[in-house]
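Comments concern the structure below.
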Amino acid sequence: MLVDRLNVGLRRIPAWVVYVAFSIPAPWWLYLGLTGGLGVEPIERLEHELGKLALQLLIATLVVTPLRRFSGVNFQKFRRALGVMAFIYVLLHLLVWLVLDVQILSQIWADIIKRPYITIGMGGFLLLLPLALTSNNAAVRWLGPRWRKLHKLAYPAAILGALHFVWLVKGIQLEPLIYMGIVLILLALRSKWVQRYLAR
Amino acid sequence: MAHRWKNNLTSEEVTAEVLWLNRRQLLSGLAGIGVGAIAGSASASELEPNSWEDITSYNNFYEFGTDKGDPKRYAENLTTSPWAIEIDGLVDRPGTYSMEDILAAVTIEERIYRFRCVEAWSMVIPWSGFELADLLQMAGVQPEAKYIAFETLYRPEEMRGQRFPTIEWPYVEGLRLDEAMHPLTILATGLYGKTIPNQNGAPIRLVVPWKYGFKSIKSIVKITATTMQPPTSWNRLQPREYGFYSNVNPGVDHPRWSQATERKVGQGLFARRQPTLMFNGYEEEVASLYEGMDLTKHY
């Protein structure tokens with residue numbers, strides 16, 4: 001069967017491929033930014049590219065389980081790598097905002113407190129922090145069943161990430177709404193009610 | 001009618017064409033030297049007009065899409081000739097004014113203005129155009145008129161952004177009559193002495209340099225003199241975020257970001273923020289228009 005053949009193929013690809021592949025975009029964008037390849041406002045562009053890739057990677061981690069459940073295709077072994085890279089891109093996005101964009105310390109704190117879309121983005125980052133720190137075998141062993149529970153924080157983090165995007169744009173724009181829609185569908189697929197409905 | 005107002009950003013400060021064509025390479029070279037080198041030149045660069053590329057490739061013109069690059073990408077399809085502006089409402093000579101007739105009656109001059117977007121980026125732009133007051137006098141604004149309303153072209157076949165309701169189309173803006181008649185307020189038809197590119201609001205757009213950029217409505221097809229404060233597009237969508245006046249004011253923050261500082265476009269990856277000036281640096285010229293008004297309430 002096609003799915004089995006696909007899974008055999010996927011088993012042959014080591015998980016580090018994900019780390020290697022996603023360690024390319026960040027330095028590439030930085031290089032483009034330094035050489036004029038990101039247009040006339042490279043700071044904004046770099047910030048947006050990093051943030052969008054972070055959200056895409058976060059969504060990828062949420063795709064793994066429903067994809068296996070509904071199609072049998074198994075990306076499970078790549079999930080940790082996708083999650084860790086998602087965190088790294090959120091962190092880089094945050095660093096570009098802090099160091100290159102806002103620059104001014106007092107304004108950074110004021111922005112986090114006063115501006116809902118920044119508060120929300122920051123909240124998403126804080127939710128991902130313990131997940132990144134426990135993305136190793138030792139932590140999985142140490143936490144046991146609590147590990148699975150803890151890592152459900154990825155769900156609210158993804159919602160906050162998408163909301164951060166929806167909220168920061170001006171006017172009604174399609175792209176962030178599509179991201180939000182995908183996140184909500186992926187989370188809905190996890191609810192018992194939806195699963196029971198789909199099983200009928 | 002021309003030259004009622006004199007630039008304090010003078011034409012000597014406009015970079016020669018050869019220079020601005022090379023500035024991109026120069027800047028990227030500087031980026032390698034480090035942050036210090038660029039930070040040191042910040043005060044000089046504040047008055048230096050942005051390059052043609054900066055001004056024509058980084059635009060908010062949602063009629064063509066919400067990405068800053070969309071206007072340049074898609075605006076070339078816009079038909080800008082023939083073009084006419086319908087002037088109606090409280091005017092002595094209402095009617096359709098063709099671009100040819102308008103241009104024959106006015107004197108085009110250069111105005112180098114600071115341009116401050118509500119999103120906290122800025123540019124310095126060498127416009128060419130004429131004072132809005134000249135056109136309003138051609139139409140003869142009647143004494144009862146208190147406001148001037150403006151409308152952008154609605155043509156979804158050529159303006160692909162209008163096929164999606166990002167904001168309510170057509171884009172509309174408005175000024176109080178004294179703001180509209182102010183000698184700083186111009187209708188721009190050119191950039192760097194050339195015809196204004198479509199992505200910058202061809203063939204004719206408003207420029208009100210002491211207000212946030214979204215007040216400077218592009219590709220104008222209609223002007224109406226009225227007694228009532230006209231609706232304005234962004235105010236209609238999010239009144240808490242965008243007021244009717246929308247004067248540049250570092251002391252009144254936009255709810256989602258601070259307005260205290262701005263970043264001038266085109267300074268590369270290590271651009272420093274610079275303080276935003278009250279009325280975008282035109283306080284001396286326009287502060288009297290708002291005397292006695294609470295600018296935190298009338299934002």
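The shown structure was predicted, so the numbers you read here are calculated from the model rather than taken from an experiment. Values below: every heavy atom of this structure, side chains too, minus hydrogens, waters and symmetry copies.
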Seminar exercise, completed: Bottom line for Glu44(A): the part with an atom under 4.5 Å from chain B's heavy atoms is both
Problem set entry | Part of Glu241(B) within contact of chain A (heavy atom distance under 4.5 Å) | neither
Exercise. If you draw a 6.0 Å radius around CZ in Phe70(A), do more than 12 non-hydrogen atoms from other residues or ligands fall strictly inside?
Worked result: yes
Problem set entry | Nearest-0.5 Å distance, CG of residue Asp253(B) to CZ of residue Arg115(A) | 4.5 Å
Seminar exercise, completed: Max heavy-atom pairs within cutoff under 4.5 Å with chain A, candidates Trp121(B), Trp257(B), Tyr242(B), Tyr62(B), goes to Trp257(B)
For this session: Start with the C-alpha gap between Leu34(A) and Phe270(B), add the side-chain angles, then the distance that decides, and say whether side chain to side chain contact (heavy atoms under 4.5 Å, CB included) holds.
Result: CA-CA 9 Å; Leu34(A) 288 169; Phe270(B) 302 109; 3.5 Å; yes
For this session: Run the numbers on Glu119(B) and Lys170(A) for salt bridge (charged side-chain N to carboxylate O under 4.0 Å, His left out), then give the verdict.
Result: CA-CA 10 Å; Glu119(B) 295 165 0; Lys170(A) 285 164 57 191; 3.1 Å; yes
Exercise. Between Leu174(A) and Thr66(B), is any pair of side-chain heavy atoms under 4.5 Å apart?
Worked result: no
For this session: Quick one: pull up CG in Leu237(B) and CD1 in Ile172(A) and give me the separation to the nearest 0.5 Å.
Result: 5.5 Å
Exercise. Should we say atom CZ of Arg163(B) is surrounded by more than 12 heavy atoms from elsewhere, each under 6.0 Å from it?
Worked result: yes
Problem set entry | Winner by heavy-atom pair count (cut-off under 4.5 Å) against chain B, out of Gly33(A), Pro116(A), Pro42(A) | Pro42(A)
Problem set entry | Minimum heavy-atom distance Ser258(B)-Gln107(A), with the two atoms named | CB-NE2, 3.6 Å
Exercise. Side chain, backbone, both or neither: which part of Ile104(A) has an atom under 4.5 Å from a heavy atom of chain B?
Worked result: side chain
Exercise. Hey, which of Asp111(A), Ile118(A), Val169(A) has the most heavy atom pairs under 4.5 Å with chain B?
Worked result: Val169(A)
Exercise. So, Arg256(B) side chain and Trp167(A) main chain: donor-acceptor pair closer than 3.5 Å or not?
Worked result: yes
For this session: Might you point out which heavy atoms bring Val265(B) and Val40(A) nearest each other, and give the distance in Å?
Result: CG1-CG2, 3.5 Å
Exercise. By a 4.5 Å heavy-atom criterion (distance strictly below it), what part of Leu46(A) contacts chain B: side chain, backbone, both, or neither?
Worked result: side chain
Problem set entry | Flag, side chain of Arg273(B) to backbone of Asp101(A), donor-acceptor distance under 3.5 Å | yes
For this session: Please round to the nearest 0.5 Å and tell me the distance separating atom NZ of Lys264(B) and atom CD of Glu41(A).
Result: 12.0 Å
Exercise. What part of Gln173(A) gets closer than 4.5 Å to chain B, counting heavy atoms only: side chain, backbone, both or neither?
Worked result: both
Exercise. Under a 4.5 Å heavy-atom cut-off, does chain B meet the side chain of Val96(A), its backbone, both or neither?
Worked result: neither
